[in-house]
Amino acid sequence: MKYRELIQDMTLEEKASLMSGKDFWQTQNIDRLGIRSMLLADGPHGIRKQAVGSEQPGLNAGDPATCFPTAATIANSWNKDLAEKMGEYLGKEAVTQNVNVLLGPGINIKRNPLCGRNFEYFSEDPYLAGKLAAGMIKGIQSQGISACVKHFAVNNQEERRMTIDAIVDERTLREIYLTAFEIAVKEGKTKSIMTSYNRLNGTYTNEHLHLMQDILRSEWDFKGVVVTDWGGSNDRIAGLLAGNELEMPTTAGETDREIVQAVKSGKMKEEVLDECVDRLLELIFTTNEVFNKPHFEFNVEKHHRVSQKAAEESIVLLKNEDNILPIRFGRKVAVIGDFAKDARYQGAGSSIVNPTILDHTLNCFEESGIVSIGFEPGFERYGKRDRKKIEKACELAKKADVVLLYIGLDEVTEAEGLDRHSMKIPKNQIDLLNALNEVNPNIVAVLSCGSVVEMPWIDKVKGLVHGYLGGQAGARSILRVLSGDVNPSGKLAETYPIRYEDTPSYHFPGKEVSVEYREGPFIGYRYYDTAELNVLFPFGFGLSYTTFEYSDIQVNHEGVRFKITNTGKIAGMEIAQLYVGCKSKDIFRPKKELKGFSKIFINAGETKTVTIPFDDKTFRYFNIKTNKWEIEEAEYDIMVGASCTDIRLADTLFVEGTGAPLPYDKEELPTYYSANVHNISLEEFETLLGRKAPNPKWDRTKPLGYNDTIEQCQYAKGVSGRLIYFAIIFVHWFLRKIGKRSIANLIMMSFYHMPFRGIARMTGGIVNMPMLDGILMMVNGRFLKGLVHILKERSKMKKSPKTGNIGKRKL
Ligand code: BGC
């Protein structure tokens, strides 16, 4: 232990006090020992340090900070250096705001397109997500502070996120859901990691010994600090035993006392606590060093430009019929769509940034050189079909050479705490598009949203530019692509299926106790490609204003080398992708998997040689018999492509294996071997899992307990419980009715899906666990007894000291 002496000088109470927040965002300080607080702040694509009530809960507006593109956007750049640069600038801003730990990046895998937080995550592919995250972490940490990669792990739905039990087989867990975290830890060297709210195979992730000890600490050798997600602690002692150092936010000393008690009673050895304290002190001391030096305000303009550059490289050109883009000089353009007036540039929830500057399309037109003949909103963002607005838009469109149509998802549809209900964009926007198409077929749609949408309307547009959520400079960046100032170079980091029903996990989300990951490793392109299902846009797809030709592939055991020539008339950037597939059919696998990529700038007519080296992940698979990563001895397809379905060069390579026994019996898993995982039976899933899956339904006969959610009050035994349920449903319905959609969402996120224990964990000491027992008595049908219990416990709480003996010297 590095801080042995200091720890020896601490009282048990002092040590325990460090293990949870002092308030909502800061850790405990111990002045007599020179231990300062650390400030933790969201978030992944900009700093959200609450301007008002920085010590309080909630989603108050932050101090102004640069809003960079969200992870879903930056992922399309496939540029690790760019992610690192963005991290560096995020880190600089964090330092100016005295933030020690920046709560990001979020790197959960996009299992299903409807997950409400997909806009905050990188990709459906763990390799791509991991590499970009590692870049961003390096950038953030280059400024002396800590990144905090989140949410570890298997947090792939928002509904019931604080209790849902994700049931995943070990191989899928390792290959799909943990690989990005592994890269973030080993390559990114993240100093801290945030556990997720959910359970994994029956246990809360921060208490999960296999996840936290066997994998994170032993296999990956993680020496940093594990932080709970806010209010995500369940059993504090189980968390500590698993190595979860910091519980956030404050519990006003309640769990500190539990820790003290656990040590005194012998339930937990003091050494376990000491080691946790040691790791936390290292984070506190090292991240505080930067604040000893003078630091200056950041240059707002310069940071804005960096965010613009990040957005420009992340824009994806999806369709360009008749080379309608870039818009030729002098063509008359009609600008239509509400999103042109108010740019959609970020998602909702804890990642909301209060931008320093905000570009809107209409304000940036003049400098773009595109000749606009006028603007019409055409639809109301949150409204129904508006005939008048459509007519006006059509009148304008008739006079134009090209229609620029700004469409997308609204701000409250993609939000933390809620999943989307469909993959559609609102009908009033499609009605407008249909009407415009009747009067002018030269339509370029500009799409703004952070996740995958269906496009049954794709034939009605000639051009399609997907800006995702480009941050505060997103609108200007898109105009620069439309005008041709920037040659688009983004490629999709996720697949666009034709219909939602095509997705392998379309029984989404888990609604009650658990969610079964029956599709195994076949998510995203791993499924569509192997099952040979047509998609709208494949993973890795994106057009450019120039063209590239691939040639001269050479493969050896070190990697692959090939040439790319820019065969067009202008300079551009190409993203070459390396996919590997195993020819043996003894172990079921996706047909191909991404194992490397390179983004290169090539001048018109120029040829460049590209090398993509193999690494420890190129040929590995996780063997459940040996419980290790192994290599199957076989011939492998080595493929280089412009997308996962556009393979330009291919070769084969024989690779010696590690001699492990075959993990599966083919006969028992026929559907997995066929990759037709769209409808896997429970029986076959359980065979893959190696055990029975738990009952996914609530046991409605049981009284409600700590880990049941407020939503479950619908079947509570007590009338008061059921009343609470109906009151929430009514308030939610009413708020939506009067147009207060984001507050309605907040209710779902903060109350409806919250487990009862969250009332104690998130109220900063107003309600403690004994009082919660009283609340549970009330909802379970013993109203008066519960009320008396609450009052008694409340008065006990008022009399007892708030925290441990902080400040008193050990005797
Ligand atoms: C989110 C985290 C976030 C934290 C603090 C939680 O609800 O899941 O991503 O960092 O709040 O705002």
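Whatever order the structure lists ligands and atoms in, that order sets their numbers, starting from 1.
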Just jot down the ligand 1 atoms closer than 4.0 angstrom to any heavy atom of Trp25, in number order. 5 (C), 12 (O)
Heavy-atom contacts with Leu103 under 4.0 Å: which atoms of ligand 1 show up? List them by number with element. 10 (O)
Over 60° means perpendicular and under 30° means parallel, so tell me whether His466 and Tyr468 are parallel, tilted or perpendicular. parallel
Is Lys138 paired with Glu187 through a side-chain N to carboxylate O contact shorter than 4.0 Å? no
Just heavy atoms, cut-off under 4.0 Å: does Arg48 contact ligand 1 by side chain, backbone, both, or neither? side chain
About how many Å separate SG of Cys115 and NZ of Lys110, when rounded to the nearest 0.5 Å? 9.0 Å
Can you see which heavy atom on Ser233 is nearest to which on Glu247, and at what distance? CB-OE2, 3.3 Å
Which of the numbered atoms in ligand 1 are below 4.0 angstrom from a heavy atom of Glu416? 1 (C), 6 (C), 7 (O), 8 (O)
Contact atoms of ligand 1, heavy-atom distance to Met194 under 4.0 Å: 10 (O)
Knowing that exactly one of Val731, Thr709, Ile710, Ile729 qualifies, which makes a side chain to side chain contact (heavy atoms under 4.5 Å, CB included) with Tyr752? Ile729
For ligand 1, which is the ligand I care about here, please tell me if Arg117 has any N or O atom under 3.5 Å from one of the ligand's N or O atoms. yes
Validate the cation-pi geometry between Arg199 and Tyr204: distance from NZ or CZ to the six-membered ring centre under 6.0 Å, angle to the ring axis within 45°. yes
In terms of relative ring orientation, are Tyr177 and Tyr517 parallel, tilted or perpendicular, with 30° and 60° separating the classes? perpendicular
Which of the numbered atoms in ligand 1 are below 4.0 angstrom from a heavy atom of Tyr197? 6 (C), 7 (O), 8 (O)
Touching ligand 1 at all, His151? Heavy atoms, strictly under 4.0 Å? yes
In ligand 1, the atoms that come under 4.0 Å of a heavy atom of Lys150 are 2 (C), 3 (C), 9 (O), 10 (O)
Specify side chain, backbone, both or neither for Phe24, according to which of its non-hydrogen atoms lie closer than 4.0 Å to ligand 1. neither
So for ligand 1, is Trp230 a polar contact partner (N or O within less than 3.5 Å, distance only)? no
Within the structure provided, determine whether Ser505 and Ile523 are in side-chain contact (heavy-atom separation under 4.5 Å). no
Interfacing atoms of ligand 1 (cut-off 4.0 Å, heavy-atom, Arg161): 7 (O), 8 (O)
